[in-house]
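Worksheet for the structure shown next.
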Amino acid sequence: FSIYVHFIGFSNTLYAGSIPLPFDMTVVGAPGCTLNVDPVFLNVGISDANGAADIQTPLPPTTAFRGFVWYEQALVNNPAANAFGAGVSNWGRVITGERSF
């Protein structure tokens, strides 16, 4: 198992309003990793023995969120991966009321 941090953000172009995304994480000791999401909300969890996690983002049952867009990415604890001690997943775009792969 591994500890992960699931990022949810509303931008995939700027971090903190001024740093361009994707951000090359080599400067923090994670070569080959890029941050692609401006993390606004964080969920922390533990993956299963195979490294898989079921991450759910509950929304109230209303049509008010239909078409709402956000971006997701995960950072996974892996001390052996690099000096930063973690790796990142691919990122994804979510459009509520639709499936986007």
Task: Phe1 atom CZ, over 12 foreign heavy atoms within 6.0 Å - done: no
- [ ] Compare every heavy atom of Ala53 with every heavy atom of Tyr4, then report the nearest pair and how far apart it is.
- [x] CE2-CB, 3.6 Å
Open item on the list: Go through it in stages, so that I can follow the logic: the residues are Arg93 and Asn12, the test is side chain to side chain contact (heavy atoms under 4.5 Å, CB included), and I'd like the CA-CA distance, side-chain angles, deciding distance and then a yes or no.
Closed with: CA-CA 9 Å; Arg93 181 182 69 183; Asn12 69 340; over 6 Å; no
TODO: May I ask you to test the Phe65-Trp70 pair for a side-chain heavy-atom distance under 4.5 Å?
DONE: no
Open item on the list: Applying side chain to side chain contact (heavy atoms under 4.5 Å, CB included) to Val40 and Phe10, what does each step give before you reach the verdict?
Closed with: CA-CA 7 Å; Val40 176; Phe10 303 113; 4.0 Å; yes
Task: Within the 6.0 Å centroid threshold, strictly below: Tyr15 and Phe7 - done: no
Task: Whether over 12 other heavy atoms sit under 6.0 Å from Phe84 CZ - done: no
Open item on the list: Would a single hydrophobic cluster contain both Val76 and Ile8, if residues Ile, Leu, Val, Met, Phe, Trp and Tyr are joined by side-chain heavy-atom contacts under 4.5 Å?
Closed with: no
TODO: Identify the two heavy atoms, one from Gly17 and one from Leu14, that lie closest to each other, and give their separation to 0.1 Å.
DONE: O-CD1, 3.6 Å
- [ ] Could you pull out the closest heavy-atom pair between Gln73 and Asn90, with the gap in Å?
- [x] CG-O, 3.8 Å
TODO: Only pairs at least two apart or in different chains count here, so list each side chain to side chain donor-acceptor pair (under 3.5 Å) that has a residue in residues 77-88.
DONE: none
- [ ] Could you list all the side chain to side chain donor-acceptor pair (under 3.5 Å) pairs where at least one residue sits in residues 37-56, not counting sequence neighbours?
- [x] His6-Asn43, Asp54-Gln56
Task: For Leu21 against Val37, the heavy-atom pair lying closest together - done: CD1-C, 3.7 Å
Identify each donor-acceptor pair in which a side-chain atom of residues 28-35 lies under 3.5 Å from a protein atom, sequence neighbours left out, and give them as a table.
{"from": "Thr34", "atom 1": "OG1", "to": "Asn36", "atom 2": "ND2", "distance (Å)": "3.2"}

Task: ILVMFWY network linking Ile55 to Tyr71, side-chain heavy atoms under 4.5 angstrom - done: no
